[in-house]
Structure formats: structure tokens, C-alpha cells
Number of protein chains: 4
Amino acid sequence: MARSSDDKYNKILQAAIDVISEKGLDKTSISAIVKKAGIAQGTFYLYFSSKKALIPAIADNLFTITLEAVKDEIQGKETFWDVLEVVIDETFKITDAYKDVIVLCYSGLAIDYSMEKWESIYQPYYEWLEDIINTAIHNNEIINDINVKWTARTIINLIENASERFYISHEQDNSLNVVKNEIFNFIKRSLFRG
Amino acid sequence: MARSSDDKYNKILQAAIDVISEKGLDKTSISAIVKKAGIAQGTFYLYFSSKKALIPAIADNLFTITLEAVKDEIQGKETFWDVLEVVIDETFKITDAYKDVIVLCYSGLAIDYSMEKWESIYQPYYEWLEDIINTAIHNNEIINDINVKWTARTIINLIENASERFYISHEQDNSLNVVKNEIFNFIKRSLFRG
Amino acid sequence: MARSSDDKYNKILQAAIDVISEKGLDKTSISAIVKKAGIAQGTFYLYFSSKKALIPAIADNLFTITLEAVKDEIQGKETFWDVLEVVIDETFKITDAYKDVIVLCYSGLAIDYSMEKWESIYQPYYEWLEDIINTAIHNNEIINDINVKWTARTIINLIENASERFYISHEQDNSLNVVKNEIFNFIKRSLFRG
Amino acid sequence: MARSSDDKYNKILQAAIDVISEKGLDKTSISAIVKKAGIAQGTFYLYFSSKKALIPAIADNLFTITLEAVKDEIQGKETFWDVLEVVIDETFKITDAYKDVIVLCYSGLAIDYSMEKWESIYQPYYEWLEDIINTAIHNNEIINDINVKWTARTIINLIENASERFYISHEQDNSLNVVKNEIFNFIKRSLFRG
DNA sequence: AATGAATGAGCTTTCATTCAT
DNA sequence: AATGAATGAAAGCTCATTCAT
């Protein structure tokens with residue numbers, strides 16, 4: 001949904017991400033955002049209807065980045081397991097890079113109970129993985145008595161949670177590679193068609 | 001941590017849960033809480049240092065309830081898989097009952113980056129499940145080449161996420177039982193020692 | 001420092017002086033000031049960073065008035081003693097007119113131990129009198145074995161205290177003229193070069 | 001007025017002086033005072049009718065100390081000029097020791113416009129100096145065409161202000177002795193019967 | 001489209017004081 | 001006399017939003 005053509009829209013969005021990452025959502029004022037963006041107070045409202053409208057926009061931006069990164073990386077990968085590895089790698093990478101923004105998204109999530117908006121943002125990501133899974137089933141790479149929709153969502157959640165526990169909750173008893181391996185195997189054992 | 005002996009502490013806590021569940025954290029004022037609790041504005045601050053201090057207390061309360069419910073239900077269950085079923089059942093039950101509070105906890109999570117507090121609240125739950133897993137490994141019920149700590153956390157996250165997607169995100173394409181089954185099997189396939 | 005061009009700044013300052021004079025600093029709320037000034041609550045904070053920031057501004061305003069009044073009146077006066085008389089006259093006049101504000105300044109003085117600010121406000125007044133004294137020494141009107149800086153400060157304090165005792169502490173056993181005379185002579189006896 | 005027999009009264013008074021000296025009047029709460037005094041919140045009100053009632057009590061305490069110190073030191077001094085020297089010495093000494101309390105008294109001065117109370121506290125000090133001056137006139141040490149009451153007040157104010165400028169406003173261009181000398185001579189030149 | 005001064009509702013928090021024990 | 005939990009009024013300040021320019 002990003003109006004990438006519009007200079008100011010993105011300037012504001014980036015300024016918002018920067019300031020909120022640093023200060024947290026609550027302590028971030030519009031005035032701090034516009035100051036960083038180098039625009040006037042009132043101009044903000046020409047591009048966003050309210051402060052709350054920032055959050056879905058930020059989340060949307062984040063998911064676009066994630067999905068694009070994943071799609072980029074899977075070029076040439078053939079098996080489902082290669083794709084899974086890429087998804088894990090990229091999710092960890094992006095979680096590390098955007099941890100503050102992710103936390104913000106969680107807090108934004110609670111505002112207005114805007115779950116629907118949330119779901120619609122995730123939608124393309126879910127659907128993309130559903131396709132991948134269906135292909136894998138078709139190719140006899142993975143078992144077929146699963147609910148594809150539910151499994152796509154579960155896998156994404158699983159990986160996201162693991163990476164958040166690693167980078168945000170600092171649950172770092174194990175090295176990055178150990179954790180990535182653990183999650184890869186956890187999923188593989190569950191889905192692999194032996 | 002629950003000072004169940006302290007009348008007023010719990011009165012405030014319950015009022016806070018009620019009001020926040022209804023209105024959301026942002027739109028909940030202390031004055032609404034104290035009004036519901038039937039105490040004076042200042043009295044709130046004798047029991048909680050600030051509005052933010054409510055959130056860990058509420059979360060703590062929620063986890064105490066969950067863990068107690070689980071422990072209650074597993075009386076007499078023998079196998080790991082029975083226990084897993086109970087954990088799934090209870091998690092879904094409590095997610096349903098406390099969905100508003102759970103959302104609030106997520107948003108609270110972002111305030112002050114208080115991840116440490118968060119972790120310490122989950123800790124007993126994690127440790128309890130680690131014990132269960134270790135026993136299951138010992139009994140040859142599940143495979144043994146897993147990282148127990150990481151797996152305990154992952155299972156809990158997995159189940160919580162599934163139930164939240166079901167009750168909070170209203171991802172209800174499938175019936176409750178189908179979903180519960182799906183998650184049970186997802187985990188079982190991954191851990192079962194055939 | 002008076003931004004006489006700025007309409008609102010002065011409107012607030014005047015309203016603050018009025019309200020504080022009437023009610024005292026402690027019992028004066030910002031809301032009373034803005035009400036009197038005919039502006040919104042938030043507007044106050046566009047011009048003053050806090051309630052406390054009013055006090056130096058008020059004091060500054062008061063001193064500017066005093067010094068200007070004195071300078072106005074000494075036009076054409078030739079001797080040091082004529083000038084001293086004017087200083088006494090004007091100090092008493094202004095003390096009478098602004099007694100409430102002066103009391104407020106004393107109390108404000110204690111807030112934040114902001115003595116430095118205080119000193120910098122007095123500075124131009126002190127320096128002006130130092131010049132007068134130096135000229136008087138040069139003209140052989142007064143003795144020359146004094147510390148000019150210290151003496152300037154002392155004379156101003158002496159006169160201010162006398163007028164405050166008269167108008168604020170109501171130490172009015174003697175008529176205004178008697179008191180003025182007493183102080184004039186006290187100083188003259190001390191400094192006159194016979 | 002000091003109920004020196006009453007243990008708790010003085011314990012509170014001393015705690016108040018300590019806390020207020022450190023934090024300033026505004027930021028000092030009764031709760032901090034009672035905590036320091038080691039008594040209960042309510043007990044404060046058995047000895048002082050309100051927070052404001054503290055200030056005259058503190059001031060009274062300060063003046064009692066000052067006057068006693070002066071009286072102590074003038075034992076055996078014969079001339080008015082010896083006494084004047086003692087008054088200067090002791091005033092500077094006490095100003096240095098109690099600067100924070102003095103500042104507090106200034107700010108308290110503005111509360112309630114309680115000038116009358118103020119005057120009554122100073123009264124014994126003023127009267128004591130009037131007696132000294134009358135004796136000096138009688139002994140032909142100083143000139144006789146002065147208003148004794150006014151002069152007593154003026155001398156005390158003069159010395160107090162000089163010492164406050166020195167210790168509180170840090171007007172320390174000159175050494176302590178230079179300043180003391182300056183003030184002694186300023187007064188002597190004004191009053192000496194040559 | 002862009003500005004930024006002005007708005008004013010509404011919040012959290014403090015704290016002097018009370019009173020039942 | 002002493003306590004200290006409870007009170008609740010009161011106030012400073014913030015900040016999302018508006019609107020005249």
C-alpha cells in the first residue's frame with residue numbers, strides 16, 4: 001500500500017520508525033516525528049489521518065520488506081526444505097534489524113483491537129507460504145494429511161516467535177545456529193514425508 | 001506473587017482487569033479503575049507505584065491461573081501426550097476467557113521494554129514443562145536429541161499462538177476441535193519416538 | 001529582555017502579575033492566569049516553559065521599570081545627592097505600587113536556589129549605580145576610600161529594605177518623609193566628603 | 001516559643017530543617033519529615049497545626065540562636081563599636097551555617113503574607129539593639145540626632161543583607177574580612193560622633 | 001500543498017490532612 | 001498520645017488535532 005512515489009509520505013514513515021524505535025510508542029509525539037521528518041506539524045495530517053494510522057503503515061512496510069527479502073533469496077532454491085531454511089534465515093535477520101519496530105507493532109496491535117487490519121497485512125505472506133506448502137505436498141516432499149492454511153500460519157508464527165525470543169527476549173542460551181537448527185528440525189520432523 | 005491476603009490489592013487488580021478488558025489500556029484512566037474498585041484515587045498509589053505497574057501484576061495473575069488450571073487437570077494423567085492434551089485444552093480455555101487481558105499484556109509488553117519482567121513471569125511455567133519433557137524423554141515417550149529448554153518454550157508459544165489466532169484473530173475457518181487436533185498432531189509428529 | 005513586540009507574551013506576563021498579586025504564588029494556578037489572559041491552557045507553555053519560569057520574567061520586568069523610572073527622573077540632576085534622592089523616591093514609589101509582586105519575587109528567589117538568575121537581573125541596576133558613584137568620587141562629592149562595587153549593592157539594598165519595611169511590613173511609626181530623610185542622611189553621613 | 005521540654009516537638013522541627021534545607025520547601029513533603037523524625041504521619045499534626053506552621057517555628061528557632069550567640073559574645077565588650085563588630089561577626093557566621101534555612105524563611109515569608117508574624121519574631125532582636133544604641137547615644141559614642149528604632153532595624157538589615165550577598169548570592173569578589181570591614185566602616189562613618 | 005500557532009480536554013500523580021483504632 | 005491507611009481535591013503539563021494564513 002506504500003505510496004512509494006510520494007516523497008513526504010515515506011519521509012514521515014521513516015521518521016516515525018526512527019523515533020518510535022528509539023523512544024517507544026507512548027513517549028513518541030507527533031511533534032518529534034515531524035521535527036525529524038523536517039516538516040510542519042500540520043503536514044503530518046495530510047498524509048496520515050491520525051497517530052494511530054501510523055502503526056499499520058509501519059507494519060505493512062515491515063512485511064513488504066520481509067516478503068521481498070524471502071522471495072529474493074529463494075531464487076533457484078528447489079526443495080521445500082531449502083525454502084524453509086531461507087524463511088528461517090530471513091526472519092531472524094529481519095527480526096534482528098527491526099526489533100524495536102516489531103515491539104511497537106505488538107503494542108500497536110492492542111490499540112483499537114485492530115486485529116482485522118493485522119490479518120490483512122499478514123495475508124500475502126500467509127498465502128505465499130500456502131502455495132509453497134501445496135507445491136511441496138504435490139511433490140511428495142511433505143505429508144499430505146495437514147490443514148495447509150493452518151500449517152502455513154503456524155510455521156510463520158513458530159519462526160517469528162523463535163526469533164523474537166532470541167533477539168528481543170534475549171533468550172540466548174544457545175548460539176544462533178543452534179536455534180535455527182532446532183527450529184528447522186522441529187518443523188522437518190513434523191512434516192517430512194519419509 | 002499474588003497477595004491474596006490483601007483485600008484492597010486484589011480489589012484494585014480485579015477492577016483494573018475489568019475496566020481494561022472493556023476499554024483497552026490507553027483509554028483506561030486510573031479514575032475509572034478506582035471508581036470500579038470503590039476506593040479513593042490516592043489509595044491506588046498505595047498498592048501500585050504507577051499505571052504501568054498494573055500490567056506485570058495482571059500478567060502474573062493470569063499465569064498463576066493458567067498454571068494452576070493445568071496442574072489441576074493433569075492429576076492422574078500418565079503419558080506425555082495426555083499432559084500435552086491438557087495443556088492445549090486449558091490454554092484454549094483460558095485464552096477464550098481472558099482474551100482482552102491477553103491483548104493488553106501484549107501491549108504492556110512493549111512498554112518500557114520490560115522483557116525481563118516478562119520472562120520472569122513465564123519462568124515457572126517454562127520450568128514446569130521442562131520437567132515434564134525430561135520425564136518423557138526418560139520414559140522413552142519422545143525423542144531425546146532435542147534442546148529441552150528451547151522446546152519447552154516453543155511448545156508453549158506454539159499452543160498460545162494457535163489459541164490466540166483462533167479466539168483473538170478470529171481465524172475460525174476450522175472448528176475448535178480441528179484446530180486442537182492439528183496442533184496436537186503437529187507437535188506429536190515432531191517429538192514422538194516411534 | 002522584554003519582548004514588547006510579542007503580544008501574547010506580555011498578555012500572559014501581565015495576567016500572571018495581576019493574579020499572583022491578588023492570590024499569592026502558591027494559590028495561583030496556571031488555569032487562573034490563562035483565563036485572565038484570555039488564552040488557552042496550552043498556549044501558556046508556548047511562552048513559558050513552566051510556572052516557575054514566570055518569576056524571573058516578572059522580576060526582570062519589575063527591574064526594567066524601576067531603572068527606567070530612575071533614569072527618567074534624574075534628567076538634569078547634577079549632584080550625587082540629587083541622584084540619591086531620586087533613587088530613594090522612585091524605589092519607595094515602585095515598592096508601594098508593586099508590593100505584592102516584590103513579595104512574590106522574594107519567594108520565587110528561594111525556588112530552585114536560582115540566585116544566579118537573580119543576580120543577572122539586578123546586574124544592570126548595580127552597574128548603573130557604580131558609574132554614578134565613580135563619577136561622584138571623581139567630582140570629590142563623596143569619599144574615595146570605599147569599595148565601589150560593594151557600596152553600590154549596599155546602597156540599593158539599604159533603600160529597598162527601608163521601603164519594604166515601610167510598605168510591606170507596615171513599619172510606619174514614622175511618616176514617609178521622615179523615613180526617606182532618615183535613609184538619605186544615613187547614607188550621606190557615611191559617604192559625604194566634608 | 002520553643003517548647004524545649006517537649007522531645008517530639010524539637011525532633012520534628014530539626015527533621016523539618018534538615019529535609020527542607022536539602023530539598024527546598026516546595027519539594028518537602030510532610031511524609032519526608034515524619035520519616036526523618038521517626039514518627040507517624042498523624043503525629044506531626046499533634047505538634048504543628050499545618051505545614052505552614054513550620055516556617056515561623058523554624059525562623060523563631062533561628063533568631064533565638066542568633067540572639068543568644070550575640071549576647072554570649074558581647075560579654076565584657078565595652079564600646080558600641082565592639083558590640084557592632086560582634087553583631088557583624090555572628091551574623092556572618094550564622095548566615096553561613098544556616099543559609100538554606102534562611103532561604104526557606106524568605107520563601108515562607110511570602111506564604112500568607114505573614115509579615116506580622118515575621119515582625120514579632122524579629123522584635124526581641126530589634127529591641128535589644130535599640131537598647132544598645134540608646135546607651136551608645138547616652139555615652140556620646142554615636143550621634144544623637146537619629147531615629148533609634150529605625151536605625152536599629154536598618155543596621156540589622158544592612159548586616160544581614162551583606163552576609164546573604166556574600167554567602168547566598170556568592171558575591172565573593174572580596175574576602176570575608178574586606179567585606180566585614182567595609183560594612184563596619186560604612187556604619188561607623190554614619191554614626192560616629194567624632 | 002504546506003505551515004505552525006493555538007487549542008483545551010484530560011491525564012497521572014502528589015500530598016496535606018483526617019480519623020478509626 | 002500515637003498511629004498510618006485512606007482520602008480526594010487539585011494542579012501542572014502534554015500533545016493530538018485544527019485551521020487561518
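What's counted below: heavy atoms across the whole structure, side chains too, no hydrogens, waters or symmetry copies. In what follows, chains are A, B, ... by sequence order, proteins preceding strands, each numbered from 1.
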Would you call [X] and [Y] a side-chain contact if the rule is heavy atoms closer than 4.5 Å?
| X | Y | value |
| --- | --- | --- |
| D:Leu62 | D:Ile121 | no |
| B:Asp100 | B:Glu22 | no |
| B:Ile65 | B:Tyr98 | yes |
| D:Asn10 | D:Asn61 | no |
| C:Ile58 | C:Val101 | yes |
| A:Leu13 | A:Tyr47 | no |

Judged by modelled atom types alone, do A:Gln14 and A:Asp18 share a side-chain donor-acceptor pair under 3.5 Å?
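Side-chain D/A pair, A:Gln14 to A:Asp18: present.
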
Length of the [atom1]-[atom2] vector between [X] and [N], whole Å:
| X | N | atom1 | atom2 | result |
| --- | --- | --- | --- | --- |
| C:Lys11 | E:dA5 | NZ | C1' | 13 Å |
| B:Lys23 | E:dC11 | NZ | C1' | 14 Å |
| D:Leu46 | F:dG4 | CG | C1' | 12 Å |
| C:Lys52 | F:dC13 | NZ | C1' | 13 Å |
| D:Lys27 | E:dT14 | NZ | P | 14 Å |
| A:Phe44 | F:dA16 | CZ | C1' | 9 Å |
| A:Tyr45 | F:dC19 | OH | C1' | 13 Å |
| C:Ile12 | E:dA5 | CD1 | P | 13 Å |

Nearest to the side chain of [X] - [options]?
| X | options | result |
| --- | --- | --- |
| C:Lys51 | F:dA2, E:dA2, F:dG12 | F:dG12 |
| C:Ser50 | F:dA5, E:dA6, F:dC13 | F:dC13 |
| A:Ile30 | E:dA6, F:dA1, F:dT17 | F:dT17 |

For DNA chain F, find the residues of residues 31-42 of chain D with a heavy-atom distance under 4.0 Å and give them by number; none if there aren't any.
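Those residues whose heavy atoms fall under 4.0 Å from DNA chain F, taken from residues 31-42 of chain D in numerical order, are D:Ile39, D:Ala40, D:Gln41, D:Gly42.
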
Identify the heavy atoms of B:Thr95 and B:Ile102 that sit nearest to each other, and give their distance.
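Reported closest heavy-atom pair: CA-CD1, 3.7 Å.
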
Ignoring hydrogens and geometry, is there a side-chain-to-backbone donor-acceptor pair from B:Lys11 to B:Gly38 under 3.5 Å?
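Checked: no pair found.
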
Contact class for A:Thr28 vs. all strands (heavy atom < 4.0 Å): base, sugar-phosphate, or nothing?
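Here A:Thr28 touches the backbone only, sparing every base.
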
C:Phe48 atom CZ, over 12 foreign heavy atoms within 6.0 Å
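Counting neighbours around CZ of C:Phe48, more than 12 heavy atoms of other residues, nucleotides or ligands fall under 6.0 Å, so yes.
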
Counting only side-chain nitrogens and oxygens, does B:Tyr47 get under 4.0 Å of the OP1 or OP2 atom of F:dA6?
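So the side chain of B:Tyr47 is within the cut-off, an N or O lying under 4.0 Å from OP1 or OP2 of F:dA6.
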
Check the phosphate of E:dA2 against A:Lys8, side-chain N and O only, distance under 4.0 Å to OP1 or OP2. Yes or no?
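Affirmative; the distance criterion is met.
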
For DNA chain E, the dot-bracket notation using Watson-Crick and G-U wobble pairs below 3.5 Å, [ ] for pseudoknot-type crossings and | for other-strand pairs, is .||||||||||||||||||||

Between B:Thr43 and C:Ser49, which is nearer to the 5' end of DNA chain F once each is assigned its nearest nucleotide?
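Its nearest nucleotide being more 5', the pick is B:Thr43.
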
